[in-house]
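Step one of this worksheet: look at the structure below.
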Amino acid sequence: MANPIAIALHGGAGVLTPGLLTPEDETTIHEALLRALKAGLTLLEQDGSSLDAVQAAVVELEECPWFNAGKGAVFTHTGDHELDAAIMHGANREAGAVAGIHFVRNPILAARAVLEHSEHVLLAGAGADAFLATQDLEKVPNDWYDTDLRRRQWQTQLQAPDSVSLEPGGVDKKFG
Amino acid sequence: TVGAVALDRHGHVAAATSTGGITNKRYGRVGDSPLIGTGTWADDRSAAISATGHGEYFIRTVVAHNIASRVLLAGETLNTACDTVVSGELKTMGGNGGVIAVSPSGETALSFNTPGMYRAWRDEQGGLHTAIYAED
């Protein structure tokens, strides 16, 4: 019998109670989650690696504006985006991570580049941007991540600094 | 925040997490997602875990490695370890959020202490599931 495969993913947790999202929104989100799950599962079914599978699933989620990662990432206080990501392989506990990066379309691919093309585990800020500029990754201007939904949440939060919307439709008290 | 965990046919697990952080964040604030052992962890001896939620609390609870250590050192099942940390230690401290995890034996866990978590998984029979609310 072939070894088992398994895959799971998340798109964020928060104050998600029925009624906050419209039925159309819910359908869109379910479809996006299923698309991402299949992106990773297809690789596993072809005997691909779990590392490639989790990367493929997260790229799909980063591309979907509904989720707080990549396209659709939340705004910082100054109105730009600082992205964080990490990836890790259980076979050898090799890992790559980025924090506070600004210009790579898919931050999980940036984390994979740190894992594969640097001797470090975590690179942050301007230094990480400089390393990633040397990598063969798709670069985007920082406003590429903008979405109207997140901009509205940011504007709301600027007026009410003690509550922040982490997830589409959800509002949660968070203190950064 | 988004994340994925997987087990391949070679018995290897992996985890990936990506996030924009929290709205209106200042001062270069970084949460748990990029911190290995906190928001993201993978070890063939125990499990792969990806977390989402209030990063400051996940950092202070070292959530991902905490769960993996319970499996590796205390012999807890993956579901028990996830629930103990997410609904116990983390919740008691005031941290809201959840984790997804898979073990090298194929056990899958989705554990959260909030009213909902966007999630999807493949069950052991190959069925595919997506869910939003806790009661889904």
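Just so it is clear, the structure is predicted and the values come from calculations on it, not from any experiment. By convention in this document, chain letters (A, B, ...) are assigned in the order of the sequence lines, proteins followed by strands, and residues within each chain are numbered from 1.
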Do V2(B) and E60(A) come within less than 4.5 Å of each other through their side chains, counting heavy atoms only? no

Which bit of H30(A) comes within less than 4.5 Å of chain B, counting heavy atoms only: side chain, backbone, both or neither? both

CD of E124(B): more than 12 outside heavy atoms within 6.0 angstrom? no

Does a side-chain heavy-atom distance below 4.5 Å link L35(B) with L122(A)? yes

Could you walk me through whether T1(B) and H10(A) pass the side chain to side chain contact (heavy atoms under 4.5 Å, CB included) test, one step at a time? CA-CA 8 Å; T1(B) 305; H10(A) 68 76; 3.9 Å; yes

Are more than 12 heavy atoms from other residues, nucleotides or ligands located less than 6.0 Å from atom CG of D148(A)? no

I132(B) portion near chain A, given a 4.5 angstrom heavy-atom threshold: both

Given heavy-atom pairs under 4.5 angstrom as the criterion, report whether the side chain, backbone, both or neither of A134(B) touches chain A. neither

What part of E135(B) gets closer than 4.5 Å to chain A, counting heavy atoms only: side chain, backbone, both or neither? side chain

Identify which part of V121(A) has an atom lying under 4.5 Å from any heavy atom of chain B, answering side chain, backbone, both or neither. side chain

Mark yes or no for whether N68(A), through its side chain, and G21(B), through its backbone, hold a donor-acceptor pair below 3.5 Å. yes

Do L20(A) and Y133(B) come within less than 4.5 Å of each other through their side chains, counting heavy atoms only? no

Would a 4.5 Å heavy-atom cut-off, applied to side chains only, mark L34(A) and L128(B) as touching? yes

Taking atom NZ of K91(B) as the centre, does the number of heavy atoms from other residues, nucleotides or ligands within less than 6.0 Å exceed 12? yes

For a 4.5 angstrom cut-off between non-hydrogen side-chain atoms, does H77(A) reach R29(B)? no

Check each atom of L41(A) against the heavy atoms of chain B and say whether the ones under 4.5 Å are side chain, backbone, both or neither. side chain

Report yes or no: do H12(B) and S50(A) form a side-chain donor-acceptor pair below 3.5 Å? no

Toward chain B, the part of E94(A) with a non-hydrogen atom under 4.5 Å: neither

Just so I know, are the side chains of P4(A) and L7(B) near enough to count as touching, which here means a heavy-atom distance under 4.5 Å? yes

Is a side-chain donor or acceptor of R122(B) paired with a backbone partner of L37(A) at a separation under 3.5 angstrom? no

Are T23(B) and Q157(A) close enough that a side-chain donor and a side-chain acceptor fall under 3.5 Å? no

